[in-house]
Each structure stands twice: as structure tokens, then as C-alpha cells.
There are 2 protein chains.
Amino acid sequence: MPVQLLTIKVSKGLYLRDPQESELGRRIIGEGVKLLDKLGFEGFTFKKLGTRIGSPEASIYRYFKNKRQFLQYITALYWGWIKFRIDMILRFHKGRKERIEALLSVLTEIGTDDPATPFVDEKLLCRVVMSQSKKVFPINKAEQEGGCTKEYRVLLRSIGDIILSINPKFKFPLALSSTLLSAAHEQIQYSTHFTSLTELKGRNSKKMLREFLKVLLAPALTQAKCHTK
Amino acid sequence: MPVQLLTIKVSKGLYLRDPQESELGRRIIGEGVKLLDKLGFEGFTFKKLGTRIGSPEASIYRYFKNKRQFLQYITALYWGWIKFRIDMILRFHKGRKERIEALLSVLTEIGTDDPATPFVDEKLLCRVVMSQSKKVFPINKAEQEGGCTKEYRVLLRSIGDIILSINPKFKFPLALSSTLLSAAHEQIQYSTHFTSLTELKGRNSKKMLREFLKVLLAPALTQAKCHTK
DNA sequence: TACTAAATAATAGTAATACTATCTTAAGCT
DNA sequence: AGCTTAAGATAGTATTACTATTATTTAGTA
């Protein structure tokens, strides 16, 4: 029996053959992410990826029906990965304040590579998802419930539950979760590539991001003790 | 002299010939937005657009060098359009509280068509930008400063200035502006297409969105009088 | 050892895409 | 009438996004 690698479960509709189960599949993911990061979704082709990994494009088509599905897959993988990190960290942080700090840590540390998943570079994966993931949100209704929203929804619920565990009366846990998540990704992207779009840049950018996210979280945590008026 | 239509200025690098200056150009924008909404960026081609407006694709290539640039153009147009609305409404609202309410109104009403711009349907435009705009954020450094970030940056500054006019000590006006803007778009999209991802849905979704955005804004406005601890 | 099944490699082929080029016609101005 | 510019008409090309077929390798098993 071979060493069991850490795998992240992804909905069945997002692949034809599970790429995490074979060497070729893992190479497709690993190198595919690199190539997507380099070329962007438009420039990326299975042909180029095939050349890169020394396999014909037809082999890749056996794993994913097209490159759209491929991007959906790695996006789902990414959300699953973040949820995994949140679940892990929550296992060791039971106190209310502790949980908030832990959540903030995960959010500020997205986009840092983790050696636990050897076949994919999370830093690149995060970059790709940040810049490309919107391309993947289903357009037509057929794709809508079937596809890649599932792992995103599950992630939002995890974060929402943390928020509720601090303040059970807060009315918008899901909305706040997606806002936090988007804001974290957006600000990280801006801080590295579009510095004129944010104050969170330079040496202290991570610290400031954490502070900023805490500000966003604040009203949800203060149990309506504090009013603007 | 013909009637002057309302036009929104867009950076020169985002087109070859200014499409707002000719009938054909305006048709390209108007119908192009409809087609993009219908087909998504991948399915959209100048050929199909040409067929739709009864012109050869070569004519469209005289306005935009490729469809990527076209999407950049309409995204910039959209940001410019929102900034215009914000500037308009601020002209008539000078008080601090009033300004906040006005800003919230604009943010909750994005995605509503405005008859002031006859050649483009803002509702569709908003939808297209929501779902496609990330495809357009420049990947390489060459595009970065030249392109479509400009109108976005200008918009962020406008919103940031409002925030600062309420609370000059707030440290992250730009970051909060982009977060508000993204959150508004994201939640509107979820409330119509992915209702399992948000609480802001159903009959009262606009009202709730406004409330939610106000919650996000709150800490910025309370002049640090109110602490979590 | 041979037999079978599955995954992959190797190769070919096709309709559509994303352009570029050129040439003609029409519209507007002086 | 002559000039300029925008637009129409048409053609062509390399690449893309696939599909199909056949051959080869690999692994399990009778």
C-alpha cells in the first residue's frame, strides 16, 4: 500500500476521471496551475499543458472535458483546501476570541504554500483563483447547482458558523463570510500587483490586512451593544 | 449640431477608435453587452457580434483590437458610470449623514437600468461586469498601469473621499471602498442566481443589502469611539 | 505464462476562432 | 470635383478546442 497523500474531495461533476488518484492526474493539476498562472485562462490550452508534461492533449481530455471544467476543478480544490485549514485550526481553538484570531490567521495567510500538499503550489493556486475564478462561476442555470459552487458554499458555512458561535444574533453570517473572503483575496492581490488601489501594502501589509479584516468583523462580534447613532 | 448624448470618458488605451462617437460604435457597445451577457466571454466572438449588428467583424476590429480589450472597455465604462452617479448624487447631498445614505443608495441600486444612457442597458452591463470583469484585470505588468485599472482607481478614490469626509481618521478608505463595492456586486449576484450563498435574498433583498453595507461601513464612521474590547 | 482490462501514447482530422489584409463603396467636407 | 475617412465585402491563415482511432504499455488475475 502506497503512502496516502493528503487529498481534498471535489464534486464528481468537476472531472471525468479523478486526477488526484493517478500520477498523471496530479501532474496535470500541478503543472496546470503553473501554466494557468503564467498564461491566464485565455492563453492556457491543453495542448501546451500536454507538451509541458510530455503527454498528448488527448490524455488530459480523459480527465477533464474542457479547460473550463479544469479551472472549476482547481477552484473547488482551492476552496476545499481553505476549508480544510479552517477546520484544522478550529480543532485546537475552542475559545471565542481564540477562534476569531484563528480565522483571521487563516484569512491573512491564504496564498502561502503548504508543503502538506506536495503536488500543488498553493501560492500559485491562490493567485490563479484570485485572478481567474470568476470565469468559472456558472453562467447558465444548468451549471448553477451542479457544479463548483458547492465547495464554496461549504466553506462559507464553516466561516459563517464561526461568526455565529461568537454572536448567534448576527443576521448576515453568510454574506459577511463571503465579504471577508473576497476582501482578503482582493486586498492581497492589490497589495502585490495594484498598490495604488489599497492602503494595505508594503512591509506591514499582512498586519494591516489582519487589522482591516478585524474592523470588518467587529460589528458582527459586538452583539449590537454599539450603535452608530 | 446633433443632440449631445451623455458620454463617459474612457482611457485611450482601451480602444482603437472611440466607439461612443459613432453610431456603429454605440451599436457595438449596446449589442456587445447583450451578447456578452448571453454567451459569456468565452462564447462571445466579434464574428457573432458582427452578424448581430449586420456588420463584418473587420469593422469591429477597427474599434477594438480584440475581445479582451472590448471587455476592458465596457468594464471601464461601467466604473465610470458608477462614479458619475456618485458624483451627481453628492452634488445634492452635503451633510455627513446624508452622504452616507446617498452612497448606500447608489451601491444598492447598481444594476438598475438608467434611461439617461440610451445605447447601453446598465442592468446587463452590471451583470456582465459582475460575472466577467475579473477576466480583464491585467495579468502582466505591461497592462497594469496602462489600462483599465484607472477608472476603477478613480472610483475608489471617490468613495474613499466620502468615507474620509465622515471620519478623517479612518485608516483604510481605499480598502473599505473596494470591499463595499465588491460586496454589493457579489451579494446582488448571489441574491439573484445563487441564493444558497447569502441571506440577502427574496423580497427584501435590497433593503437587507443596504443594512448589510451599513454594518460594514459602521466601524469606519464611528470615529473609534466604540471598541470591541 | 497467457489473458484481459484499463490507462495512456501516438496520430489524424475538423469546425470554429481570432485574427490580418486588401479592395471597394459610401458619406461628408472643401 | 476631389479628398479623406469610415465602413462594407471578401479572402486567407495559424491556432484552438476539441473528437476519433489505433497502438502500446501496465497491472491484475486465472
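Heavy-atom basis, side chains included; hydrogens, waters and symmetry copies ignored. Below, chains carry the letters A, B, ... as their sequence lines are ordered, and counting in each starts from 1.
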Please enumerate all protein N or O atoms sitting under 3.5 Å from an N or O of nucleotides 6-13 of chain D, with distances to 0.1 Å.
residue: D:dA6; atom: OP1; partner: B:Arg17; partner atom: NH1; Å: 3.2
residue: D:dA6; atom: OP2; partner: B:Arg17; partner atom: NH1; Å: 3.3
residue: D:dA7; atom: OP1; partner: B:Tyr63; partner atom: OH; Å: 2.8
residue: D:dA7; atom: OP2; partner: B:Tyr63; partner atom: OH; Å: 2.8
residue: D:dA7; atom: N7; partner: B:Arg62; partner atom: NH1; Å: 3.4
residue: D:dG8; atom: OP1; partner: B:Ser55; partner atom: OG; Å: 3.1
residue: D:dG8; atom: OP2; partner: B:Ser55; partner atom: OG; Å: 3.1
residue: D:dG8; atom: OP2; partner: B:Ser59; partner atom: OG; Å: 3.0
residue: D:dG8; atom: O6; partner: B:Arg62; partner atom: NH2; Å: 2.9

- Message: I need the minimum non-hydrogen distance between B:Lys48 and B:Gly43, along with the two atoms involved.
- Response: NZ-O, 2.7 Å

- Message: Can you measure A:Glu21 atom CD to C:dT8 atom C1' for me and round it to whole angstrom units?
- Response: 16 Å

- Assign B:Phe46 to base, sugar-phosphate, or nothing according to its heavy-atom contacts below 4.0 angstrom with the strands shown. nothing

- Message: Would A:Lys67 pass as a cation-pi partner of A:Phe41, given that its NZ or CZ must be under 6.0 Å from the six-membered ring centre and within 45 degrees of the axis?
- Response: yes

- Message: Rounded to whole Å, how long is the line connecting atom OH of A:Tyr61 with atom C1' of C:dA9?
- Response: 17 Å

- Could you tell me whether B:Phe194 and A:Tyr152 have their ring centroids closer than 6.0 angstrom? no

- D:dT15 OP1/OP2 closer than 4.0 Å to side-chain N/O of A:Lys47: no

- Message: I need the CD-P distance between A:Glu42 and C:dC19, as an integer number of Å.
- Response: 10 Å

- Measure the distance from NZ on A:Lys48 to C1' on D:dC18 and round it to the nearest whole Å. 15 Å

- Task: Using whole Å, report how far NZ of A:Lys67 lies from P of C:dT17.
- Result: 13 Å

- Across the strands shown, which category fits B:Lys65 at heavy-atom distances under 4.0 angstrom: base, sugar-phosphate, nothing? sugar-phosphate

- Note on the structure: Between CZ of A:Phe41 and C1' of D:dT16 the distance, given in whole Å, is 13 Å

- Apply side-chain hydrogen bond (donor to acceptor under 3.5 Å, both in side chains) to A:Gln187 and list each qualifying residue two or more places apart in sequence or on a separate chain. A:Thr198, B:Ser178

- To the nearest angstrom, the CZ-P distance between B:Phe44 and C:dA16 comes to 18 Å

- Message: I need the CD1-P distance between B:Ile60 and C:dC19, as an integer number of Å.
- Response: 12 Å

- Ring geometry between A:Trp81 and A:Phe84 (parallel below 30°, tilted from 30 to 60°, perpendicular above 60°): parallel

- Is a salt bridge present between A:Lys206 and A:Glu109, judged by a nitrogen-to-oxygen distance below 4.0 Å? yes

- Would you confirm whether the ring centroid of A:Phe46 sits within less than 6.0 angstrom of the ring centroid of A:Phe64? no

